[in-house]
*Asks:* 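Starting off with a structure, shown below.
Each chain gets a letter, A, B and so on, in the order its sequence line appears, and its residues count up from 1. All values below were derived from every heavy atom in this structure, side-chain atoms included, with hydrogens, water molecules and symmetry-related copies excluded.
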Number of protein chains: 2
Amino acid sequence: MDISHPAVHPAGIPPAEEAPPPARVRMKDWQGMPGTVGGLTLRVAQLGFAVVSFAVMVSIQDFSTVTAFCYLVAAMVLQSLWSFTLAIIDTYALLCKRSLRNSLLVSLFVIGDWVTGTLTLAAACSSAGITVLIDNDLGECAPNHCGKYEVAVAMTFLTWVFITISFFLTFWLLATR
Amino acid sequence: MDISHPAVHPAGIPPAEEAPPPARVRMKDWQGMPGTVGGLTLRVAQLGFAVVSFAVMVSIQDFSTVTAFCYLVAAMVLQSLWSFTLAIIDTYALLCKRSLRNSLLVSLFVIGDWVTGTLTLAAACSSAGITVLIDNDLGECAPNHCGKYEVAVAMTFLTWVFITISFFLTFWLLATR
């Protein structure tokens with residue numbers, strides 16, 4: 001380079017300008033975390049699959065004779081309420097450009113996601129166990145509604161997949177704050 | 001040592017003493033994380049409960065007629081192998097004072113804990129669903145082994161509790177590295 005280095009001359013230094021404020025330190029803003037479009041999408045997916053699972057299960061006339069199926073219905077109601085609430089919060093955060101990075105709020109999201117996720121997986125597995133028992137072990141699919149049971153269980157598993165993604169992202173956010 | 005230092009040592013400077021090495025930067029070392037006594041205890045507890053669950057289930061003569069019970073046995077074998085391996089690694093780390101804070105290693109622990117934990121919960125829930133079906137819904141406990149089923153399911157749930165604690169601590173370690 002052809003520039004001279006005038007060493008220590010302070011004279012030429014221009015008067016300090018209004019320095020721009022330092023860029024705000026922002027945490028990694030991964031899609032899927034609370035308050036992002038990805039996060040809202042995950043909540044809507046959870047809500048959708050939970051509602052379908054609930055609807056399929058309650059459409060079976062005698063589902064209430066099996067405890068596990070009643071539990072699945074209850075778990076899906078809880079999951080729907082949770083995902084709906086979080087979807088509302090995410091929408092609010094997106095529209096009003098609010099941050100959801102409050103430590104207490106994120107902890108609450110993590111706990112809620114974990115609890116509902118665990119209950120949803122438990123509901124899916126207990127119902128899957130009984131569906132497999134009726135279908136494979138007893139071979140009594142004809143008088144029962146194996147197809148509908150299977151659809152409800154599959155929808156519950158899909159709900160669980162999406163709530164698990166939400167949980168991991170939110171827990172990561174909490175841990176890396 | 002009583003050796004003179006000719007040549008290059010400037011006169012007035014005393015011979016360099018053995019300076020203590022700078023304190024090693026250590027991450028938060030919570031009990032329960034890999035390579036701690038708490039971590040080893042968790043692994044031993046998981047292994048113990050998984051082995052008891054496995055033993056109780058295989059002691060039932062016709063458990064293999066129900067798919068979910070076969071799955072529980074398989075899940076308990078996998079869980080036992082995983083917890084045993086991790087217990088060995090923890091023991092090695094404790095005895096040889098090695099750190100298990102390698103990023104790749106911790107990621108592997110997190111994935112393994114999550115996979116085995118999920119499979120264990122799935123096994124517990126599917127078996128619990130069937131046990132409740134036999135006991136409450138069908139009222140056919142007399143010809144079956146409800147007591148043993150319940151013990152096996154309870155042990156599997158306890159295994160899951162301990163693997164979940166391990167998972168959370170290891171995931172926290174991974175995220176806060």
*Asks:* Mind checking whether Ile130(B) and Leu138(A) sit in one hydrophobic cluster, side chains of I, L, V, M, F, W, Y counted as touching below 4.5 Å?
*Replies:* yes
*Asks:* Give me the ring orientation class for Phe168(A) and Phe167(B): parallel if the planes are under 30° apart, tilted from 30 to 60°, perpendicular past 60°.
*Replies:* perpendicular
*Asks:* If Ile, Leu, Val, Met, Phe, Trp and Tyr residues are connected whenever their side-chain heavy atoms lie under 4.5 Å apart, and connections chain through other members, are Val44(B) and Trp30(B) in the same group?
*Replies:* no
*Asks:* With a sphere of 6.0 Å drawn around CG of Leu104(A), does it hold more than 12 non-hydrogen atoms of other residues, nucleotides or ligands?
*Replies:* no
*Asks:* Just wondering, do Leu174(B) and Trp172(A) contact through their side chains at under 4.5 Å, heavy atoms?
*Replies:* yes
*Asks:* Show your reasoning for whether side-chain contact (heavy atoms from CB on, under 4.5 Å) applies to Thr118(A) and Leu121(B).
*Replies:* CA-CA 9 Å; Thr118(A) 305; Leu121(B) 179 63; 3.8 Å; yes
*Asks:* Which region of Ala128(B), side chain (C-beta onward) or backbone (N, CA, C, O), has a non-hydrogen atom less than 4.5 Å from a non-hydrogen atom of chain A, or is it both or neither?
*Replies:* neither
*Asks:* Need one label for Thr164(B): side chain, backbone, both or neither, based on atoms under 4.5 Å from any heavy atom in chain A.
*Replies:* side chain
*Asks:* Kindly determine whether Thr65(A) and Asp137(B) satisfy side-chain contact (heavy atoms from CB on, under 4.5 Å), including the steps that lead there.
*Replies:* CA-CA 7 Å; Thr65(A) 54; Asp137(B) 304 334; over 6 Å; no
*Asks:* Under 4.5 Å heavy-atom distance to chain A, tell me which part of Thr67(B) shows up: side chain, backbone, both or neither.
*Replies:* both
*Asks:* Do Phe109(A) and Leu119(A) land in one hydrophobic cluster if side-chain heavy atoms of ILVMFWY residues count as linked below 4.5 Å?
*Replies:* yes
*Asks:* Does Val161(A) belong to the same Ile/Leu/Val/Met/Phe/Trp/Tyr cluster as Val115(B), with side-chain heavy atoms less than 4.5 Å apart forming each link?
*Replies:* yes
*Asks:* Tell me which of these, Ser126(A), Ala123(A), Ala68(A), has more heavy-atom pairs under 4.5 Å with chain B than the rest.
*Replies:* Ser126(A)
*Asks:* Linking I/L/V/M/F/W/Y whenever any side-chain heavy atoms sit under 4.5 Å apart, do Trp114(A) and Leu169(A) land together?
*Replies:* yes
*Asks:* Identify which of Ser127(B), Ala124(B), Cys125(B) forms the greatest number of heavy-atom pairs closer than 4.5 Å to chain A.
*Replies:* Cys125(B)
*Asks:* If we only count heavy atoms from C-beta on, is the Leu133(A) to Phe69(B) side-chain gap below 4.5 Å?
*Replies:* no
